[in-house]
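Just below is one structure, and these are the notes that go with it.
The sequence lines fix the lettering, A, B, ..., with proteins before strands; numbering per chain opens at 1.
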Amino acid sequence: MVTLLNTVEDKFAREICRDHGDKSDELLEILHAVQHEKGHLSDGALRTIAQALNISRAEIHGVVSFYHDYKREAGAQFTLHICRAEACQAVGADELITEAETLFDVKLDGGGEDVALAAAYCLGNCALGPAVLVNEKLYGRVDKAKIKAIAAQHMAQNS
Amino acid sequence: MSVKIYIPRDSAALSVGAFEVAEGIKAKGGDDVQIIATGSRGMLWLEPLVEVETPEGRVAYGPVQPEDVKSLFDADFLKGGDHKLRQGLTEEIPYFAKQDRLTFARVGVIDRLSLEDYEAHGGLKGLKAALSMTPEKIVEEVLESGLRGRGGAGFPTGIKWKTALAQTSEQKYICANADEGDSGTFADRMLMEGDPFSLIEGMIIGGRAIGAQTGYVYIRSEYPHAIRVMRRAVKAMEDAGWLGQNIGGSDAHFDLHIRVGAGAYICGEESSMLESLEGKRGQVKVKPPIPAISGLFNKPTIVNNVLTLATVPFILSEGAKTYADYGQGRSRGTQPFQLAGDVAQGGLIEMAFGVTIEEIVNEFGGGTRSGRPVKAVQIGGPLGGYLTPEQFSTSLGYESLSEAGGMIGHGGIVVYNDTTSMMKMARYAMEFCELESCGKCTPCRIGSVRGKETLDKIAAGDDVAANLDVLDDLCDLMEEASLCAMGGLTPMPVRTAMKAFPEEFTGPLEKAAE
Ligand SMILES: Cc1cc2nc3c(=O)[nH]c(=O)nc-3n(C[C@H](O)[C@H](O)[C@H](O)COP(=O)(O)O)c2cc1C
Ligand code: SF4
Ligand code: FES
Ligand code: FES
């Protein structure tokens, strides 16, 4: 039987592990770095990381599934993270979410090809809510018009 | 000579256009202006707030939008000229002038990444003092200041440090908790983005106090900007010899690492955070042992909130007594309150403990932004209680709030207007617990789901009296049998909402009669 055990499946993931000294306590950082580059965490990447850090695949799956940030499947081109925590609710976050769902024709946390909407639970912009985070950029006092403009701007940057 | 212009590069200010404004001023002002990137003064409704240095002091203009730049130049704002956005001297704006800025003394004032500016404003004074003190003396000083943890639990910092110091282990750790998951809070973020060196200085002092030569800052991934600023600040301190071997020419060593969370509220709980720092699932651990005895990699570890650690340099440089002179009862010093939600003047308000809710919400905050009446405030994050305007004379301190049935938590205050459905907020509390439970114990993991369902039944008018009893029992169970405060305190927002607004928990009929 052919065994894949000694061949590196995902060269990029292997490199990242090496950058982190193949240390298992740096697993979260490694996962962040791989996902940042690839958009999600593939089976191959996880197998490579598990092997490099000498941890079991069950363990790595346990970690990946525990944290909300990690994605196992390729998602939309970009994701608008809309805060639905209390301070933003107090200034209309729920209405904004409904409007955004209609605008982009996707559901909150429901995937999408171009644009996806993801719920966020506080983005630290609670005095200027509703708050939205896109590609590491934070927006405040977001309303329907502003979220449309934000999406258009990021869409233009992506293409 | 070019005029100095201070513009925050704080993510809240950037979220409403501070970068575009800075670019606009730079383009138009050319060599006449020198732009300095600061943190935010915390008057967030005035962001982007542009400050111009004049012989009288810094003159503030805000909220400035890119399209205002031309008219600002026309009004000769470089000389402090009059303009509809002119707010006067920054430090005379009542919102700012009335505060007790100790922890946040430099935030919004200095170039956040200039060590020179930091030192010119009192930075490193505390560390220099600490380097000539014994660990015991540092701990004693912190004890005497009365400083308590600002992360939520309010545990006396000096006592925690004393326990860690007493451990004989060669290897110890100090960790800054920058997970700041509580909705309605942003003080850790503002501090890291506006005065990152003060957190680092506090950690070096803490390391020396307990005998730790390695530190970690665990920052939530929702704060990409703070992460970038902290990384640059660590690099700057390393380059200047304040991190690494022989700090400041002394025999002390200290290495600091930045780690990023991955979107899990529970990782703010200290045992969960330590698991996460080891690269594991952030599951809460049973205490004892406490981290000060066995924490990260089973070594003695101190976990403190960002604000707690960033306050330590002040205590060491100005003296424990100076700090302890602020406050009331057993709540010594100051708390950076964070005012948010439907409020006209939201922002960061650092005040001595003892200030009332009324002063914060109505005097500083100026009531709601929508102009509607205030219905309730939630204090202390998603696990904190709802208080009504009838309780606004309550003073803000650990003990006084707990007597009023609430908690101060991390100091967040969220304002809700009269259109808020308290049933919806109660349901959200249960839903949040369901989403963020680490899953280790049943009362939290299952109780939250049952709680949400039960509230739905009550809202639908389904056997209301019986379901209210079910909910009551469930809350008792969660409070008594949860391993940590996630499950243990989720009933607090639910119960305080029900107690203050019982009429909203009687089924659909009353709701329609509103
Ligand atoms: C569910 C939960 C979430 C918490 N989140 C945070 C947090 O985001 N930041 C924080 O500093 N402390 C948080 N804490 C409190 C920590 O467990 C711990 O008490 C604190 O970091 C200790 O530092 P301090 O003594 O300086 O407050 C949380 C606790 C619980 C139970
Ligand atoms: S109360 Fe909830 S979050 Fe805390 S240990 Fe139990 S299951 Fe985990
Ligand atoms: S509650 Fe929305 S940003 Fe904090
Ligand atoms: S202790 Fe394991 S679920 Fe209760």
Just so I understand: if I count every heavy-atom pair under 4.5 Å between each of A/E26, A/H68, A/E59 and chain B, which residue has the most? A/H68
Taking only residues at least two apart or on different chains, which pairs with a member in residues 82-109 of chain A satisfy ring-ring contact (aromatic ring centres under 6.0 Å, His included)? none
Identify the residues of residues 11-23 of chain A whose heavy atoms come closer than 4.5 Å to a heavy atom of chain B, ordered by number, or report 'none'. none
All heavy atoms of B/Y223 vs all of A/G124, minimum pair found to be OH-CA, 3.7 Å
What closest approach, in Å, do B/G346 and A/A127 show between heavy atoms, and which atom pair accounts for it? C-CB, 3.9 Å
What verdict does the side-chain contact (heavy atoms from CB on, under 4.5 Å) test give for B/S221 and A/H32, after you've listed the backbone C-alpha separation in whole Å, the side-chain angles of each residue and the deciding distance to 0.1 Å? CA-CA 9 Å; B/S221 63; A/H32 274 310; 4.3 Å; yes
Apply the test side-chain contact (heavy atoms from CB on, under 4.5 Å) to residues A/L123 and B/R220: give CA-CA distance (whole Å), side-chain angles for both, the deciding distance (0.1 Å), then the verdict. CA-CA 10 Å; A/L123 298 167; B/R220 65 200 298 252; 5.7 Å; no
Grab the two heavy atoms, one from B/K280 and one from A/L28, that are nearest each other, plus how far apart they are. O-CD1, 4.3 Å
Examine whether an atom of A/L138 lies under 4.5 Å from a heavy atom of chain B, and if so say whether it belongs to the side chain, the backbone or both; otherwise answer neither. both
Ordered numerically, the heavy-atom neighbours of chain B under 4.5 Å found in residues 79-97 of chain A are A/R84, A/A85, A/E86, A/A87, A/Q89, A/A90, A/V91, A/D94
With heavy-atom distances below 4.5 Å as the criterion, would you say the side chains of B/Y265 and A/Y121 are in contact? no
When every non-hydrogen atom of B/R281 is compared with those of A/V63, the smallest separation belongs to N-CG2, 3.8 Å
Do B/R259 and A/D25 have side-chain heavy atoms sitting under 4.5 Å apart? yes
Smallest heavy-atom separation, B/G184 atom then A/C122 atom, equals N-SG, 3.9 Å
Can you find a pair of side-chain heavy atoms, one from B/S276 and one from A/F66, that are under 4.5 Å apart? no
Max heavy-atom pairs within cutoff under 4.5 Å with chain B, candidates A/L128, A/I30, A/V142, A/L133, goes to A/L128
Taking only residues two or more places apart in sequence, or in another chain, which ones meet B/P373 in a side chain to side chain contact (heavy atoms under 4.5 Å, CB included)? B/D418
Quick check on the interface: out of B/E180, B/H257, B/E436, who has the most heavy-atom pairs with chain A under 4.5 Å? B/E436
For A/E136 and B/H225, indicate whether the former's side chain and the latter's backbone hold a donor-acceptor pair under 3.5 Å. no
Do you know which of A/L27, A/V64, A/N125, A/L31 has the most heavy-atom pairs with chain B at a distance under 4.5 angstrom? A/N125
